[in-house]
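Inspection log for the structure reproduced underneath, given as structure tokens.
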Amino acid sequence: MPKSFVLRAGERGHDVIYSDGSASSYVAGHPGSHITRESSFNFHQYQGGRPGFGTVRVFGDEVFSGAGCGYNMHPHHNFIICAFVLEGELTHINTAGQGMVDQLRQGDYYVFSAGSGGKHCELSISPENMNAIYLWLMPGQLFLPPSYHRAHFDIRTRRNRIAQLVGDADGALPVSQDLRVSRLVTDRAGGFTYTPRTPEHGVYVFVAEGSATVNEVALGRRDSLGISGVETLAIEAADSSDIFFVETAMLDDARIRAWEKAHGADLLD
């Protein structure tokens, strides 16, 4: 039996966090710099009204505004964090492996698996706004060694087809979870088909730009659809559209809460 929900752009959680005042130790940047966060789901400081979707706990559409704006160095463990840069430049410092300082620009993306414990810092050094999609995932196994991988999505060579960026495909960034992230960028209107691994897998479809109809549901800019229990998704995309597909194994929320209670909710942070 198919299950689905539609989340319109204006129905997402909305927050503005400034670099001064009570958040100054967490949010970097000159006075007046701020992070605008639109949240699809409800998790800790990410508030979107809906619980997570499968293994996904956060889907954040974030803008860093002002020189030096971003997140100061902070810890995570037992979470997988992905970022997909849509505009601007993101400086990402992380402690996985030997540690590194990475500069990500439009089309670049990373997968940071905090595992047994790691720290990172994310900044927009230039005065230009930085916009990124952030994805937080529950890991398939706790306390794995921290790891970091990054890649680039070349719009010029990968447009007008659904390209897998994260997961099990050749050339995709690896992740220790039953999850795939794919992207479709179009420069002409057309029809596409997305096939989940099984009908039991769910797909969260997010229209970053443009518009699309997915299984007869009309979606505009920043609208999204979560759906499971289907064998395929029929997509009619407008020209100049940018669409993300996050496919995940579906989890029973009651089982997740029972697991967190038994193991300690602070294992995931």
Side-chain angles (χ1 to χ4, degrees), residues 1-15 37-62 76 78-84 109 111-113 132-140 162 164-168 172-173 175-184 194-208 212 214-215 217-235 242-260 265 267-269:
M1 176 70 68
K3 296 181 180 180
S4 66
F5 66 86
V6 176
L7 186 66
R8 300 298 178 187
E11 297 171 343
R12 299 176 297 172
H14 174 78
D15 199 7
R37 176 190 291 159
E38 310 290 343
S39 304
S40 295
F41 304 120
N42 186 328
F43 180 80
H44 292 311
Q45 75 271 35
Y46 289 81
Q47 299 297 317
R50 290 192 58 86
F53 183 71
T55 63
V56 178
R57 284 295 167 265
V58 168
F59 190 97
D61 179 4
E62 303 194 22
H76 289 284
N78 290 321
F79 247 119
I80 301 167
I81 298 173
C82 311
F84 304 85
Y109 58 101
V111 175
F112 172 47
S113 298
I133 298 296
Y134 282 96
L135 184 66
W136 292 28
L137 315 169
M138 297 174 65
I162 299 174
Q164 187 177 335
L165 310 185
V166 177
D168 56 357
L173 296 187
V175 63
S176 60
Q177 186 51 275
D178 185 358
L179 179 125
R180 299 171 176 175
V181 180
S182 301
R183 189 174 180 182
L184 169 64
Y194 185 93
T195 304
R197 187 191 306 271
T198 71
E200 286 70 39
H201 283 70
V203 184
Y204 181 65
V205 184
F206 179 81
V207 179
V214 182
N215 283 20
V217 177
L219 302 173
R221 182 180 184 273
R222 259 54 180 191
D223 289 347
S224 57
L225 167 72
I227 188 168
S228 61
V230 297
E231 294 187 355
T232 60
L233 276 66
I235 302 111
D242 187 357
I243 306 169
F244 285 84
F245 302 84
V246 182
E247 178 186 335
T248 173
M250 298 304 292
L251 304 176
D252 181 85
D253 286 338
R255 289 178 59 190
I256 291 174
R257 286 192 293 270
W259 186 93
E260 289 177 342
L267 287 175
L268 297 173
D269 189 8

Query - Option passing side chain to side chain contact (heavy atoms under 4.5 Å, CB included) with Val205 (candidates Phe245, Phe244, Tyr194) - result: Phe245
Requested in this report: Evaluate the ring pair (Phe, Tyr, Trp, His ring centres under 6.0 Å) criterion for residues Phe206 and Phe84: first the C-alpha distance (whole Å), next the side-chain angles of each, then the deciding distance (0.1 Å), finally the verdict.
Outcome: CA-CA 13 Å; Phe206 179 81; Phe84 304 85; over 10 Å; no
Requested in this report: Carefully, step by step, assess Ile227 and Asn215 under the rule side chain to side chain contact (heavy atoms under 4.5 Å, CB included).
Outcome: CA-CA 10 Å; Ile227 188 168; Asn215 283 20; 3.9 Å; yes
Query raised in the report: Taking the inter-plane angle between the rings of Phe5 and Phe41 on a 0 to 90° scale, is it parallel (under 30°), tilted (30 to 60°) or perpendicular (over 60°)?
Result: perpendicular
**Report entry** Residue pair Arg8 / Leu219, side-chain heavy-atom distance below 4.5 Å
**Finding:** yes
Requested in this report: Output the distance between atom OG (Ser39) and atom NE2 (His14), rounded to the nearest 0.5 Å.
Outcome: 10.0 Å
Query raised in the report: What's the spacing between Leu137 CG and Cys82 SG if we round to 0.5 Å?
Result: 5.0 Å
Query - Cation-pi check, Arg37 onto Tyr46 ring (under 6.0 Å, within 45° of axis) - result: yes
Query raised in the report: Can the ring centres of Tyr134 and Phe59 be said to be less than 6.0 Å apart?
Result: no
Report task. With rounding to the nearest 0.5 Å, note down the distance linking CG in Leu179 to NE2 in His201. Result -> 9.0 Å
Query raised in the report: Just by distance, with hydrogens left out, do Tyr204 and Thr248 show a side-chain donor and acceptor under 3.5 Å apart?
Result: no
Query raised in the report: Would you call Ser176 and Ile80 a side-chain contact if the rule is heavy atoms closer than 4.5 Å?
Result: yes
**Report entry** Heavy-atom side-chain proximity of Asp178 to Arg197 below 4.5 angstrom
**Finding:** yes
**Report entry** Note, Ile81 side chain near Ser113 side chain (heavy atom, < 4.5 Å)
**Finding:** no
Requested in this report: Quick one: sort the Trp136 and His76 rings into parallel, tilted or perpendicular, breaks at 30° and 60°.
Outcome: perpendicular
